[in-house]
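Heads up, the thing below is written out as structure tokens.
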Amino acid sequence: MNDPSSITQLLELSQRGDRDAAQKLWAEVYDEVRRIAQKAVDREFGANSVQATEIAHEVFLRLTGDDTLSFESRAHLLATVARAIRRLLVDRARARKAQKRNGPREIVDLNDLLDSPDVDSPIMLDLDIALNELESVNERCAKVVDLRFFSGMTLEQVAGTLQISLRSAAGDWAFARAWLRRRMEQSQS
Amino acid sequence: MSEINNLVYDLFLKIRELPSHERVAWLEANCSDPKVQQDVLELLQYDIDDRFMEKPVLAPQDHDETYSYRPNAPKPSSIFAGRYKLLQVIGEGGFGIVYMAEQMEPVRRRVAIKLLKANMDSKSAVVRFESERQALAMMDHPNIASVFDGGWQMTVHRFSSWSL
């Protein structure tokens with residue numbers, strides 16, 4: 001995914017019905033998902049790296065299993081990957097919550113988003129709800145969060161992907177952060 | 001995006017650049033809607049420069065690769081594994097954290113302690129640490145010892161054999 005032009009080209013070819021290009025495109029998607037997981041593995045993230053790899057594989061399987069999926073652009077492709085990661089984390093959190101329904105009430109702690117975000121923290125559910133609301137307030141801000149937080153892009157990469165200035169990306173991120181924080185804190189009290 | 005949301009967004013980004021004592025006056029001069037004013041000021045309260053959401057959920061940031069070991073790491077001056085007083089951090093990296101420490105018994109001496117986070121929730125982590133432990137045990141190296149404490153795998157290195 002380091003070469004934006006090749007993806008754009010593959011997208012164009014596959015939209016014109018080039019099967020070969022479509023296959024190569026999936027290889028790119030797989031690379032992108034693996035890149036995200038690999039970054040975590042490289043850091044010897046302990047259990048987290050195992051989770052990250054598991055999640056990357058699961059995300060890829062889900063994406064390939066979706067026949068309705070088609071990509072309009074490189075940005076769309078990357079945003080779709082980020083969104084798939086988010087969806088998966090939310091599903092996992094929901095499943096865990098359902099399992100524990102008869103147990104003690106799980107404590108949702110905003111601090112889970114501070115240092116080492118735990119992929120299986122129940123805060124993911126709250127974050128998802130808040131993000132969905134942010135999307136209706138400012139769609140681009142929500143996209144920045146998907147790419148930055150769920151796909152692990154730098155702000156420079158986010159700006160490049162969305163074709164906005166770095167300044168705009170940084171502004172979106174600052175707004176999103178404050179907005180989400182307020183929303184989640186208020187829903188807790 | 002509605003007009004009001006747009007306005008809040010613009011005002012928020014401008015006002016956060018200002019020194020805090022100028023903010024309220026600036027807002028009153030640039031916005032007449034008290035509801036919007038309140039919204040912007042409220043958001044500012046949550047615009048805190050800390051690590052909230054700074055680290056991506058799956059991939060830690062490049063520039064901050066060591067941070068993940070820090071939050072739960074034992075603090076200097078705490079006693080580790082019953083007999084090592086941690087003095088100061090002398091190095092850290094992708095592998096974990098290295099402390100200078102004082103062994104208190106059976107002999108009092110300076111040692112270096114390397115701490116790796118051993119997360120016992122993961123099968124493969126257990127396998128990895130178990131095999132490392134066995135390797136260490138087999139080597140029976142007089143200058144390296146390995147101990148588990150509080151979810152951390154610790155190796156102790158005597159300075160005599162260890163160049164820093």
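These figures come from a predicted structure and were not determined experimentally. Reminder, nothing fancy here: chain letters follow the sequence lines and each chain counts from 1.
Residues B:Gln45 and A:Glu185 fail the side-chain proximity criterion, which asks for heavy atoms closer than 4.5 Å. Proximity of A:Phe175 to B:Asp47: side-chain heavy atoms (C-beta onward) are nowhere separated by under 4.5 Å.
In this structure, B:Leu18 is a member of the same hydrophobic cluster as B:Tyr9, with clusters built from ILVMFWY side-chain heavy atoms closer than 4.5 Å. Both A:Leu78 and A:Leu162 are part of a single hydrophobic cluster, where members link through side-chain heavy atoms under 4.5 Å apart. No path of Ile, Leu, Val, Met, Phe, Trp and Tyr side chains, each step under 4.5 Å between heavy atoms, connects A:Val90 with A:Ile85, placing them in separate hydrophobic clusters. When hydrophobic clusters are built by joining Ile, Leu, Val, Met, Phe, Trp and Tyr residues whose side-chain heavy atoms come closer than 4.5 Å, directly or via intermediates, A:Ile129 is not grouped with A:Ile123.
Minimum interatomic distance between A:Ala178 and B:Phe12 (heavy atoms only, all atoms of both residues): CB-CZ, 3.8 Å.
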Item to check | Criterion side chain to side chain contact (heavy atoms under 4.5 Å, CB included) on B:Leu13 and A:Arg167, from CA distance to verdict | outcome: CA-CA 11 Å; B:Leu13 289 186; A:Arg167 199 183 146 77; over 6 Å; no

Item to check | Check against side chain to side chain contact (heavy atoms under 4.5 Å, CB included), A:Trp173 and B:Glu54 | outcome: CA-CA 10 Å; A:Trp173 176 244; B:Glu54 277 305 313; 3.3 Å; yes

Next on the checklist: With side chain to side chain contact (heavy atoms under 4.5 Å, CB included) as the criterion, how do B:Tyr46 and A:Arg183 come out once you've worked through the C-alpha distance, each side chain's angles and the decisive distance to 0.1 Å?
Outcome noted: CA-CA 10 Å; B:Tyr46 290 91; A:Arg183 180 67 187 80; over 6 Å; no

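Interface remark: A:Arg140 contributes side-chain atoms only to the contact with chain B (heavy atom separation under 4.5 Å). Neither the backbone nor the side chain of B:Asp10 comes within less than 4.5 Å of any heavy atom in chain A.
Heavy atoms of other residues, nucleotides or ligands lying less than 6.0 angstrom from CD1 of B:Ile4 number 12 at most. More than 12 heavy atoms of other residues, nucleotides or ligands shown are found within 6.0 angstrom of CD on B:Glu17. Summarising the local packing, CD of A:Glu133 is surrounded by more than 12 heavy atoms from other residues, nucleotides or ligands at distances under 6.0 Å.
A salt bridge is absent between B:Asp49 and A:Arg177: the closest approach of a Lys/Arg side-chain nitrogen to an acidic carboxylate oxygen does not fall below 4.0 angstrom.
Atom CG of B:Leu43 sits about 9.0 Å away from atom CH2 of A:Trp179, to the nearest 0.5 Å.
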